[in-house]
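Report on the structure given below.
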Amino acid sequence: MIERRLLPTLDLNFLGTAIVIAAIGCMLIYSATYFGDPSLYIFRKQLLWMAIALVLMAIFIVVDYHVLFDIAPILYGIGLALLTYLLIWGKIRAHTKSWIQLPGGFQFQPSEFMKIFTALMLAKFFDSNDRAYLNLRSFAMAMAIIGAPVLLILAQPDFGTAATFAPLVAVAMFFGGMRWRFWIVLALVVVIALPLGWKFFLKGYQKERIMIFLNPERDPLGSGYQVTQAKIAIGSGGIHGKGFKNGTQAKLEYLPARHTDFIFAVLGEEWGFIGVVIVLGLYLFLIMQSLSFAKHARDRGGTFLIISLICFFIFHILINVSMQIGVLPTTGIPLPLISYGGSSTMMFFIAIGLMLNVDMRRFVNV
Amino acid sequence: MRVYRDDQKFLNFRINVLLWANVTVFVFLAGSFWFVQGLQADKYRMLSEANALREVVMPAKRGLIMDRNGKILADNQPAYSLTIDRVLLKTLVKNDPQHKPKLFEFITTILGIPAAEVQARYDKGVAAGGMQPIMMGEDISMEQVAMIQAQSVIFPEVNVDPVQRRNYPYGTMAAHTMGFIGEATEKDLANRKDLKLGDLLGKRGVELMYDNYLRGKDGAQYWEYDSKGRRLGEYRPSRKEPVAGDNLYLTIDFELQRRAEQYFIENEFVGAAVALDPRNGEVLAMVSSPEFNPNVYSKRFTPEVYKTITSNPFKIELNRVIQGLYSPGSVFKTVMAAAGLDSGAIGPDTSFDCGGSAVFFGRRFRCWQKNGHGAVNVERGLKVSCDIFFYNTGARLGVDKIAEYAKELSFGSITQIDLDGEKAGIVPSTQWALAKQHRKWYPSETISVAIGQGPLIVTPLQVGVMMAAIANGGTVYRPHVVRTIEHQNADGTTNRLRVASQALRQLHMKPEVIEHVKNGLWKVVNEDGGTGGNARISGLDISGKTGTVQVIAQSGWFSTAGLPFMQRDHAWFASYAKKNEPQMVVVVFVEHAGAHGGTDSAPLAKMLYEARFQDQVLNARLNLSDPETLAQLKEGKLPQPGVAPKEPAQTTPGLGH
């Protein structure tokens, strides 16, 4: 397994930053829930998820990513099987069938883990495809790898989670290399597909969300309520914030989804602009560091794995943070390493582990 | 596995593109947050507080009202009021539609008022809007509080709130000066932006005139409510402490006020009395009898009480000192004497022969003394209140000259006292007759005015201000009832603002004129045969003028004591002491007394002087060089204060005007 001499090449700054962000997340979850949940059930559960996630991360650091590339098709296959199982036997919860019940009252979202498996599968594909530009066949291949789970998730139907696979498409096209004519064709397809998608694929509540995003006054107490309350929370925090546990918006439950999707608003309310800048800075450090890993990775597969995973991070961070102040519409996308949630916490820690894994094994002669 | 990758450059370039794109987006996001948290923070902070906090008014403590020596005349007493938390009520009604009728029935039983009244109070509170609790009952008893608390499980929305109730510990004491408070009317609310529905404010007297000082500034408590409408606790950082109102020290002297009121109550007199300090215009006592009890007025729900007050035949709401308009009668002879002397119409030695009556402008006018006074000069004219002397003076002056002096001596216009509703009275003149009555002035009317009858009407306070101006040698002061305003600072210290005395004008009169008038007024009380002998106190120079006002036509004067109340004469006594060092002016007016001023009004003045100059009076009585005092001391008897050792001789039965 791991060789002792690899240890000094483990990037502790990167790992430390991730753990600091997760620790801030725990504080925010505590602050957002202690009042309405005096038994701290949610907070303790998150600590449990964190512990499990750290163990999983350790495993994904220790096991050489080339071994993972080898078993990627198996993992990918299991993921597809679980998603299919959900479609047939899954129970509808909040409009979608995205959760698998486990014994002991636990449940998990296979779509979160599918992100890792799809990223591994895609990286494995690009490891063997070393052309600077994609040809039509390899483009189709890459799209098929991404498309299979996306279609299954869309059928749940979980538009938000399906959309989180978009960074993989971008990675495939931008880093896989696409010629100009492809970009033009793609642009045309998008222009035609958008209205069609609006008409046939989007559910009523999804359309409503987009409409409200375009015109927030449309329904201030309905779907627009979340953004309004989040903005009140963030704005009222001002520069210095109201202080730990003092955010009235979060504490008094005016802010919906305050420990999950809108936890960044709690940060804005209690820690103010200073807290916001610090957390954004930590994220930016994580992104810059991982991109430097990508440049120095030993092989093309490693580079693509890191880029795919960090693009998940970037996508989640940008969408989540933007929707807090109404820059983008509200979607159920968690904030990496901070939002409450077992599946997403584990998924992001596994991703951190995998990036460290590739970086640790960057030297050819090891 | 490749050691060197030919696509490395291509990838690195694109990774750098991704990197810088990220940096750009992060900077943009930070900018967006700056916009919300830095620039619009205040807006969102207000929205956040509006979300979670509900304001509950903390009423400011109304300032105390004290007499000049700090005796408390109006304070605040802890009381309980019954309110309904409308937020809680809403959810309760949602769960149980029958809850509201049950609640109304409960409140009806507790307060013991008609169901319609309960509904009316509730509707009024709802109409006020907002989230403020609805006021249902004020000043409820401890038994009622216990009954409410016993049912608090069934009616959790019914609260018993501690409030401050305005309290006047001496009841009717100085009621007209103090005034009372009441709930703001719609008119008040329209005029003053700082008032809320249900606020209590001064309605009369000092409570009204100094309301801005007394009321202070209401504070606010902010209660935190969660998104489900549950009250959690107080949000301290937003708390605004109420600012207590300023305390007022009146110029009123408790002792003098008490004695003056006692006099009216014991004798069952209707009337007015005012004591002024002639050196600065301070009002030392002000009585209007009968009085009302401001404790009854100063409540929120009292429409029926208002009715009983306004329908009282004795007009108890009227502050007779400043609102009662009466003929001054012989008291006006003081003005006539000054006018005659100063204008040169008469000299100090000009003498008229009084034979009991005389003819002016074809009409016969009588003196109150049927047998006549013989030869009368101005000082004697005042002393015996000879009508014939002043008829002649009036005839020489003419009504316009009289009006000129009367106005200079404060009649015909308000004295500008710091109380509401002051009346100006009427000083007739030829011009007045033309403008107000559209008729010619008849010279014979001037003769009536000369002895203070006719269309001339004045307030007791105007008489007091006139007397003060004579007493102090010619300065007309603005009378006032508030002496000091005491502002309480947040740190517990106080700032005292002394209300400055204000000289309105200086009389344009020769000093010797005032001296002659003062001599005459001194003789009224202190010389045998004067009409004001009842006010005489040994050891104290009291000067004054009596007056009797006929309510019904008489030929000559006779006692009206046996006549029906409304037909009896009014009695005046206007005075000051001491002659050369004036410190107090006392004006007493008794409505329908039946007797003359010297009998019914002078004794009160005397009592007040005795109280005011107690030390001096006692010293005079205990003068050891006086053999009589020595004899009394030897017998172990000390003279009683308030009882003059020797009654002045009564020369005329019924005395004079």
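Values in this document were obtained by computation on a predicted structure and should not be read as measured data. Convention: sequence-line order gives letters A, B, ...; per-chain numbering from 1.
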| What part of Leu280(A) lies closer than 4.5 angstrom to a heavy atom of chain B: side chain, backbone, both or neither? | both
| task | Of all the heavy-atom pairs spanning Phe273(A) and Trp34(B), show the shortest one and how long it is. | result | CE1-N, 3.4 Å
| message | Is Val276(A) in contact with chain B via its backbone, its side chain, both, or neither, using a 4.5 Å heavy-atom distance? | response | side chain
| remark: Ranked by heavy-atom pairs below 4.5 Å to chain A, first place among Tyr44(B), Phe35(B), Phe28(B) goes to Tyr44(B)
| remark: Honestly, the part of Ile287(A) sitting under 4.5 Å from a heavy atom of chain B is side chain
| said: Whether the side chain of Gln40(B) engages the backbone of Gly235(A) through a donor-acceptor N/O pair (distance < 3.5 Å, no angle test) should be reported. | reply: no
| request: Would you please name every residue forming a salt bridge (charged side-chain N to carboxylate O under 4.0 Å, His left out) with Asp96(B), sequence neighbours left out? | output: Lys102(B)
| query | Of the non-hydrogen atoms in Ala41(B) and Gly238(A), which two are nearest, and what is the gap between them? | reply | CB-CA, 4.0 Å
| query | Checking heavy atoms, do the side chain of Ile239(A), its backbone, both or neither come under 4.5 Å from chain B? | reply | both
| request: Using a 4.5 Å cut-off on heavy atoms from C-beta on, say whether the side chain of Leu47(B) contacts that of Ser236(A). | output: no
| message | Applying side chain to side chain contact (heavy atoms under 4.5 Å, CB included), can you list everything that pairs with Leu189(B), at least two apart in sequence or on another chain? | response | Ala184(B), Leu195(B), Leu197(B)
| message | Strictly less than 4.5 Å between heavy atoms, which residues of residues 13-20 of chain B line up against chain A? Please order them by number. | response | Arg14(B), Ile15(B), Asn16(B), Val17(B), Leu18(B), Leu19(B)
| request: Identify the heavy atoms of Ser32(B) and Val327(A) that sit nearest to each other, and give their distance. | output: OG-CG2, 4.4 Å
| remark: Output for pair (Leu318(A) CG, Phe26(B) CZ), nearest 0.5 Å, gives 5.5 Å
| task | Decide if atom CD of Glu105(B) counts as having more than 12 heavy atoms of other residues, nucleotides or ligands within a radius under 6.0 Å. | result | no
| Flag if over 12 foreign heavy atoms under 6.0 Å of OH, Tyr80(B) | no
| said: Under 4.5 Å from any heavy atom of chain B, what part of Ile325(A) do you find: side chain, backbone, both or neither? | reply: side chain
| Is the count of non-hydrogen atoms from other residues, nucleotides or ligands lying under 6.0 Å from Met58(B) atom CE greater than 12? | yes
| By salt bridge (charged side-chain N to carboxylate O under 4.0 Å, His left out) - contacts of Arg215(B) (at least two apart) | Asp199(B), Asp211(B)
| Within the distance-only criterion (no hydrogens, no angle test), does the side chain of Gln37(B) pair as donor or acceptor with the backbone N or O of Ile234(A) below 3.5 angstrom? | yes
| Taking all non-hydrogen atoms of both residues, which atom of Thr303(A) and which atom of Leu11(B) are closest, and how far apart? | CG2-CD1, 4.0 Å
